[in-house]
Participant: 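Let me give you the structure first, and then I'll get to my questions.
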Amino acid sequence: MQGRNIILGVSGSIAAYKVVQVARDLTQHGARVDVLMTEGATRFVTPLTFQTLTRRSVITDLWQDWTEDAQGHISLGEEADIMLVAPASAQTLARLALGLADDMVSLTALATYAPLVLAPAMNYHMWEHPATREHVRTLQDRGATVLTPGRGRLASGAVGEGRLAAPAEIVGAVRWRLGRSGKLAGKRVVVTAGGTREALDPVRYLTNGSSGRMGYALAQAAIDAGADVTLVSANVELSPPWGATLVPVTAATEMFAATEQACKHADVLVMAAAVSDYRPENPSDSKLTKTGGAMEFRLVENPDIVASISRPGLLKVGFAAETENLIENAHAKLERKGLALIVANDAEATIGAPNAALTLLYGGDRVEELGMLPKEEAAERVISAVARLLGA
Ligand SMILES: Cc1cc2nc3c(=O)[nH]c(=O)nc-3n(C[C@H](O)[C@H](O)[C@H](O)COP(=O)(O)O)c2cc1C
């Protein structure tokens, strides 16, 4: 989002106070956020609140100065990378659908080619009304991204669908939309994440300390680059990036089936999950109890997912988390599993940690050291390497 120009149109809904957080988050991500408010919006939150957080003038009045100094406000629409309307009231949705232009929000929406993201919030009768449904459909048909409001207790006390999407979701949708024209636009990327669980009995399992953070960061980086992402996720407690298709799995065999299915039409497989090499051969159907002595389990090997999935045109990226002979072992895996790229890292230092020191090994002995980076940044570097390998 660094350096991107975002117009945030705020309209008259009680949920306007939640959008203060959105303005703050977008600004902190490095975007230039220009806030426009309907007269109704100013009844709920003051322009000063948004101005303080974005450090930019907030425009509320269509009839204010149109001098060169005041930057003839139509130019905001010309410079915008994206326009977000949040909360989008029923009234504002109607204006946008009909192409009305009698306030700064609707006027600017009409005067920009920037993609539109809408986060509606209203009473559930208003949301379900055929007029609102039709306006939403019209806007979607024109290419707007509309976040489905949540279900829950509304400001009126009634329970129904109409709650503004969570600020993190709104920021995620903006991020997704901004990425659409990126280097991986039109590419389908499958990312696996998390650590598999291999059942010993219905309540106990063998697993590892993977947090899923690396895989989720890779999925987000691929979305930022415009890819359509399927995230095969094993036992991760993080929120998936907005726009990813999430396939939750538990054990390695489930991950294999889900990944194989997702790869049928994919261009790239990034295998970041920590998959258990072995599983108990005969897990107990009922909870095991103490026997007063040692207990033995026979383990059988799990399928090697990344090695087993192979399709012409599928570019495979593996991860090698090792505790010794990192580069030699990673190199051997690269060749044995038919990978275009393997990301080597020190297992003990990386699993579950916020940072990672990654080494990228390509075919033909090419090696690239990334050094210690936050996983989010490391993920961007890996996805850039993938884009280069695809010739994007
Ligand atoms: C207390 C209060 C809360 C309101 N909350 C909403 C709301 O959540 N969603 C909505 O569409 N309208 C809501 N309205 C009605 C709008 O503010 C009203 O339709 C207004 O004309 C919207 O115009 P605007 O889109 O130009 O801001 C509320 C009105 C009041 C008085």
Side-chain angles (χ1 to χ4, degrees), residues 6-23 33-51 53-54 57-64 73-74 76-77 80 82-112 114 116-140 142 144-171 173-174:
I6 300 176
I7 296 178
L8 169 56
V10 186
S11 61
S13 152
I14 180 63
Y17 77 93
K18 296 184 187 169
V19 174
V20 169
Q21 181 74 42
V22 174
V33 182
D34 284 298
V35 176
L36 313 175
M37 299 176 79
T38 64
E39 201 274 323
T42 63
R43 304 292 186 111
F44 294 95
V45 181
T46 68
L48 184 62
T49 307
F50 286 108
Q51 194 191 94
L53 292 168
T54 62
S57 312
V58 172
I59 306 168
T60 57
D61 180 10
L62 190 61
W63 306 109
Q64 67 181 41
H73 299 129
I74 290 275
L76 280 182
I82 197 161
M83 180 164 180
L84 164 68
V85 181
S89 70
Q91 165 81 15
T92 286
L93 286 176
R95 282 200 194 101
L96 298 179
L98 296 172
L100 303 184
D102 59 353
D103 75 315
M104 267 317 286
V105 175
S106 55
L107 171 69
T108 309
L110 206 56
T112 184
L116 200 55
V117 174
L118 306 170
M122 63 199 69
N123 163 282
Y124 70 98
H125 291 303
M126 293 165 82
W127 177 244
E128 284 168 5
H129 196 283
T132 307
R133 309 259 32 92
E134 206 171 313
H135 291 144
V136 168
R137 250 192 322 277
T138 300
L139 290 160
Q140 283 173 324
R142 282 190 212 138
T145 301
V146 182
L147 282 97
T148 310
R151 179 173 287 279
R153 187 164 295 279
L154 306 172
S156 61
V159 174
E161 195 169 287
R163 277 166 78 113
L164 183 74
E169 224 183 303
I170 298 174
V171 172
V174 168

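First listed ligand is number 1; within each ligand, the first listed atom is number 1. For this chain, numbers begin at 1 and follow the sequence in order.
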Participant: Suppose the criterion is salt bridge (Lys or Arg N to Asp or Glu O under 4.0 Å): which pairs have a residue in residues 148-160, not counting sequence neighbours?
Facilitator: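 Passing the test, one end in residues 148-160: Arg151-Glu161.
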Participant: What's the spacing between Thr132 OG1 and His125 NE2 if we round to 0.5 Å?
Facilitator: 12.5 Å
Participant: Is the count of non-hydrogen atoms from other residues, nucleotides or ligands lying under 6.0 Å from Glu134 atom CD greater than 12?
Facilitator: no
Participant: Near ligand 1, which residues have a heavy atom under 4.0 Å away from one of its atoms?
Facilitator: Ser11, Gly12, Ser13, Ile14, Thr38, Gly40, Phe44, Ser89, Ala90, Gln91, Thr92, Arg95, Ala121, Met122, Met126
Participant: Can you give me every donor-acceptor pair (side chain of residues 10-20, partner residue at least two apart or in another chain, under 3.5 Å) with its distance?
Facilitator:
| unit_1 | atom_1 | unit_2 | atom_2 | d |
| --- | --- | --- | --- | --- |
| Ser11 | OG | Pro87 | O | 2.6 |
| Ser11 | OG | Ser89 | N | 2.9 |
| Ser13 | OG | Ala15 | N | 2.9 |

Participant: Sequence neighbours excluded, which residues qualify as side chain to side chain contact (heavy atoms under 4.5 Å, CB included) partners of Arg142?
Facilitator: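 Thr138, Leu139.
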Participant: For Arg133, does the CZ atom sit with more than 12 other heavy atoms under 6.0 Å from it, leaving out its own atoms?
Facilitator: yes
